[in-house]
Amino acid sequence: MKFHKLMATALLFVAFDSRASLIHHYDLNGSLADSQGGKSLVAHADGKLGASGYAFGPNQGLRLDEKLGGVYTIDMVFRFDAFNAFNSYTRLLDFRNLADDTGLYTWTDKFNLYNYGTSAGKLELGKDTRLTITRDSGKMFNLYKNGDLVMSILDKDNVADFTANAMHFFRDNGGEAGRGAVDYISIYNHSMSGADVKLLQPPVTELPEPGSLGMMAGSLAMLGWMVRRRKRA
């Protein structure tokens, strides 16, 4: 392969990786702003934004006024200090602008994508948990707790599709809301495999994404090898 063609191929790979990547990151360290330059989160009621996270009471969660679509990954660290006191459901994430009761909940201490009737995993009160949810173009909805897959559902009814709606975190259209705190929220415009989720780290927003750096490093290493080979020839 000619050198200039190899360079073009390397740049194409890096450009593709940068497009299919992080689109929003909220570190919630004293600000609701997006470090990627997108829309800020909106806080509700009397939630408290501190130096290292956002603390919320029932229905004091966050909203992002963006239609994310049906293919995405959301990664965050949060905790519940108290579940909904009135029944077994506590809403984590709403996909339909609070228009109905569908959404991602805890049911007792298990994760539940309502209304599919499947509950899995275990959420401990007062303990920080890394939650990663990813939905692909085939409508597969996968939920990971601390990097481990705990739920996989074919979302045939598009319960978890953001195409027409904003995102609501820790908010309900009634009383099924809990109390806790969230450390950060990252949103990607593509689905991820289990291996991707295992390797995922909270973004360091001052630097390019690890995936882009790795791809660039690999491409440059290959370019260097080709250059040395040409000089020896």
Side-chain angles (χ1 to χ4, degrees), residues 15-45 47-49 53-56 59-78 91-105 111 113-114 130-144 153 155 157-174 176-178 180-192 196-197 200-206 208-209 211-212:
F16 174 80
D17 184 63
S18 66
R19 288 196 300 270
S21 61
L22 180 73
I23 56 172
H24 299 293
H25 176 68
Y26 305 94
D27 59 22
L28 302 174
N29 293 338
S31 173
L32 297 174
D34 178 11
S35 67
Q36 304 301 295
K39 292 182 178 179
S40 296
L41 291 168
V42 177
H44 287 268
K48 303 298 183 184
L49 182 64
Y54 178 80
F56 55 87
N59 280 327
Q60 294 177 349
L62 300 164
R63 184 183 82 244
L64 177 60
D65 291 319
E66 179 169 315
K67 298 172 182 178
L68 182 60
V71 177
Y72 56 82
T73 299
I74 299 174
D75 182 63
M76 61 183 176
V77 169
F78 81 102
R91 197 185 310 232
L92 280 164
L93 187 58
D94 172 78
F95 305 93
R96 294 186 175 176
N97 210 25
L98 301 177
D100 59 28
D101 287 335
T102 60
L104 180 64
Y105 292 79
F111 297 102
L113 184 63
Y114 186 83
R130 178 180 160 216
L131 177 69
T132 310
I133 63 171
T134 183
R135 189 181 188 272
D136 65 20
S137 58
K139 302 185 178 183
M140 286 303 303
F141 177 92
N142 292 320
L143 183 149
Y144 298 81
I153 293 175
D155 184 21
D157 296 327
N158 295 317
V159 166
D161 190 338
F162 287 112
T163 296
N165 301 293
M167 286 172 263
H168 294 264
F169 300 87
F170 315 110
R171 296 189 66 218
D172 187 59
N173 55 357
E176 294 175 338
V182 54
D183 180 48
Y184 73 86
I185 300 173
S186 296
I187 301 173
Y188 299 79
N189 65 356
H190 62 107
S191 60
M192 293 190 185
D196 293 332
V197 172
L200 191 62
Q201 297 292 327
V204 179
T205 55
E206 293 80 5
E209 282 190 79
S212 297

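Residues R171 and D94 are not in side-chain contact: their nearest non-hydrogen atoms beyond the backbone lie 4.5 Å or more apart. Between V182 and F169, the closest side-chain pair of non-hydrogen atoms is not below 4.5 Å. Counting heavy atoms from C-beta on, the side chains of M192 and D75 never come closer than 4.5 Å. Counting heavy atoms from C-beta outward, M167 and L62 have side chains that stay 4.5 Å or more apart.
Taking the six-membered ring for Trp and thresholds of 30 and 60 degrees, H190 and Y188 have ring planes more than 60 degrees apart, a perpendicular arrangement.
Using a 4.0 Å cut-off between a side-chain N of Lys or Arg and a carboxylate O of Asp or Glu, D65 and R63 qualify as a salt bridge.
Without hydrogens or angle criteria, N173 side chain to D100 main chain gives a donor-acceptor distance under 3.5 Å. For the pair D27 (side chain) and Y184 (backbone), a donor-acceptor distance under 3.5 Å is absent.
Closest approach of A43 to Y54, counting heavy atoms only: CB-OH, 3.5 Å. Closest approach of S40 and A33 over heavy atoms only: OG-CA, 3.5 Å. Scanning both residues, L98 and D172, for their nearest heavy atoms gives CD2-C, 3.9 Å.
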message: Quick one, N158 with R135, criterion side-chain hydrogen bond (donor to acceptor under 3.5 Å, both in side chains). Give me CA distance, side-chain angles, the key distance, then yes/no.
response: CA-CA 10 Å; N158 295 317; R135 189 181 188 272; 3.0 Å; yes
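Partners of Y72 by ring pair (Phe, Tyr, Trp, His ring centres under 6.0 Å), not counting sequence neighbours, listed by chain and number: F162.
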